[in-house]
Amino acid sequence: MKNRVTLLDKSFKPFISNEQIEAAIDAVAQRINADFAGCTDVPVLLCVLNGSIIFTGELMKRLDFNCELISMKLSSYQGTESTGKVRQVMGMTGDVRGKRVIIVEDIVDTGHTIEDLVHIVRERGASEVRICTMLLKPEVYKKDIPLDYVAMEIPNDFIVGFGLDYDELGRNFKDIYVLDPEPDYHVEDKSIQTMKYYILFGPPGAGKGTQAAAMAEKYHLCHLSTGELLRKEIADGTALGLQAKALIDKGELVPDEVVEGMIENKFQSTQGVEGFLLDGFPRTTAQAKALDQMLAKRNECVTSVVSIMIPDEMIKERIRHRAAIEGRADDASDETINNRIKTYHEKTEPLVDFYQKAGKYAEIDGTGTIEEVRTQVFALLDTF
Ligand code: IMP
Ligand code: MG
């Protein structure tokens with residue numbers, strides 16, 4: 001069992017081990033087997049998708065009487081709060097008329113879902129309805145409907161694993177984890193994280209490129225600049241490159257999925273580094289969320305944002321200086337410079353807030369010399 005898992009913006013700690021879950025399922029299956037021993041009818045197990053899939057499988061393989069399996073899909077949760085409104089997303093996959101039905105649920109919380117289910121199954125003409133749930137939160141269960149078989153009772157906390165999800169993630173964990181409302185991110189990163197994922201922020205002219213090269217070398221990081229990656233894909237004539245080129249030639253932006261796909265490929269294909277330094281991605285809160293999701297799938301998370309800051313006046317000064325030396329077209333006029341500063345503020349500021357809330361934002365004063373800034377950057381990275 002991992003000491004901590006991160007899904008999207010939330011952190012979870014160990015709660016119920018797979019061994020404990022299996023033992024509880026053994027016990028509940030034994031009770032059901034005793035109650036149905038010698039039955040001549042063929043009772044129906046109704047698996048409530050998606051959460052109950054794993055529990056239903058584990059339960060069913062322990063049952064020793066003839067039974068059928070059908071499923072249906074309901075949904076009442078959004079994020080970590082029960083909405084109280086249950087939607088029937090997918091109808092029942094089989095007939096229950098005249099049959100004994102055991103509704104198999106992953107978890108009963110307020111009981112809205114189970115109440116609706118019992119109602120639906122009765123309406124469909126089942127001769128008897130029983131309820132079997134892997135988990136029950138007795139503190140919040142508000143209904144009078146008796147729960148015939150409960151494998152485990154838990155306090156009113158939000159959990160994931162063994163079929164249960166947080167926004168569709170975490171169902172695959174074989175143990176159950178509980179939400180940790182105040183995680184210590186630094187402890188978390190050190191204990192489970194094998195790879196580092198740094199995000200480099202900073203306005204044009206802050207010296208990102210210079211510092212990125214030094215960071216990549218000293219800390220064995222792969223520097224992923226989305227601009228450079230796109231140019232390389234185009235030059236190599238890859239499918240992704242062709243798609244990107246078509247859009248860029250039409251003057252359109254390369255969509256998020258394309259950039260995200262490119263980054264994900266790089267995470268997968270890059271070997272022998274200790275981490276990644278993302279430059280130019282994420283650019284929007286939507287991309288930041290997509291990145292969290294991408295990393296969560298790998299049981300990883302963002303280590304820290306490294307933000308190199310200089311005041312607007314210095315941005316202009318440095319860009320003018322660079323224009324004089326390099327003659328870059330996008331550095332030329334005051335109007336373009338101002339526009340870039342404006343875009344930078346509009347796009348980047350929401351991200352600062354996003355990562356600050358996650359406790360993953362670190363800002364470095366970029367006004368000093370290259371060496372001065374580098375010393376600060378290294379001092380920061382040494383803490384991770
Ligand atoms: P109820 O209708 O409030 O009883 O909620 C039942 C449904 O909410 C379950 O079938 C789950 O899908 C979901 N749910 C309740 N508690 C949790 C939890 O702690 N983690 C994940 N999903 C939960
Ligand atoms: Mg469910």
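Just so you know, ligand 1 is whichever comes first in the structure, and atom 1 is the first atom listed for that ligand.
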Under 4.0 Å from a heavy atom of [X]: give me the atoms of ligand 1 that qualify, with their elements.
X      : value
Asp165 : 21 (C)
Glu105 : 10 (O)
His112 : 2 (O), 4 (O)

The one among [options] that brings a heavy atom closest to [atom]:
atom                    : options                       : result
atom 4 (O) of ligand 1  : Gly170, Gly161, Gly51, Gly111 : Gly111
atom 3 (O) of ligand 1  : Asp116, Thr110, Leu49         : Thr110
atom 17 (C) of ligand 1 : Glu115, Lys143, Lys137        : Lys137

Under 4.0 Å, heavy atoms only, figure out whether ligand 1 is touched by the backbone of Leu164, its side chain, both or neither.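 Side chain only.
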
If you take the centroid of each ring, where Trp contributes its six-membered ring, are Phe354 and Tyr361 closer together than 6.0 Å?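 No: the rings miss the under 6.0 Å criterion.
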
Does one side chain, of Glu233 or Thr238, offer a donor that lies under 3.5 Å from an acceptor on the other?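 Thr238 and Glu233 do have a side-chain donor-acceptor pair below 3.5 Å.
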
Less than 3.5 Å apart, any donor N or O on the side chain of Tyr198 or Asp279 sitting next to an acceptor on the other?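 Absent: no donor and acceptor within the cut-off.
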
Please verify whether a non-hydrogen atom of Asp157 lies at under 4.0 Å from ligand 1.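 Checking ligand 1 against Asp157, which is what was asked, there is a heavy-atom contact under 4.0 Å.
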
With respect to Ile159, determine whether any N or O atom, backbone or side chain, lies less than 3.5 Å from an N or O atom of ligand 1.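 N/O-N/O distance under 3.5 Å: yes.
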
Pairwise distance CZ(Phe162) to CD(Glu58) - rounded to 0.5 angstrom: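 Nearest 0.5 Å value for the CZ-CD distance: 4.5 Å.
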
Can you tell me how the ring of Phe158 sits relative to the ring of Phe12, calling it parallel under 30°, perpendicular over 60° and tilted otherwise?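 It falls in the tilted class, 30° to 60°.
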
Which pair of heavy atoms, one from Leu277 and one from Ala216, lies closest together, and at what distance?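 Shortest heavy-atom contact: CD2-N, 4.4 Å.
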
Trace of the salt bridge (Lys or Arg N to Asp or Glu O under 4.0 Å) decision for Glu22 with Arg62: CA-CA 11 Å; Glu22 301 243 330; Arg62 288 167 171 80; 3.3 Å; yes

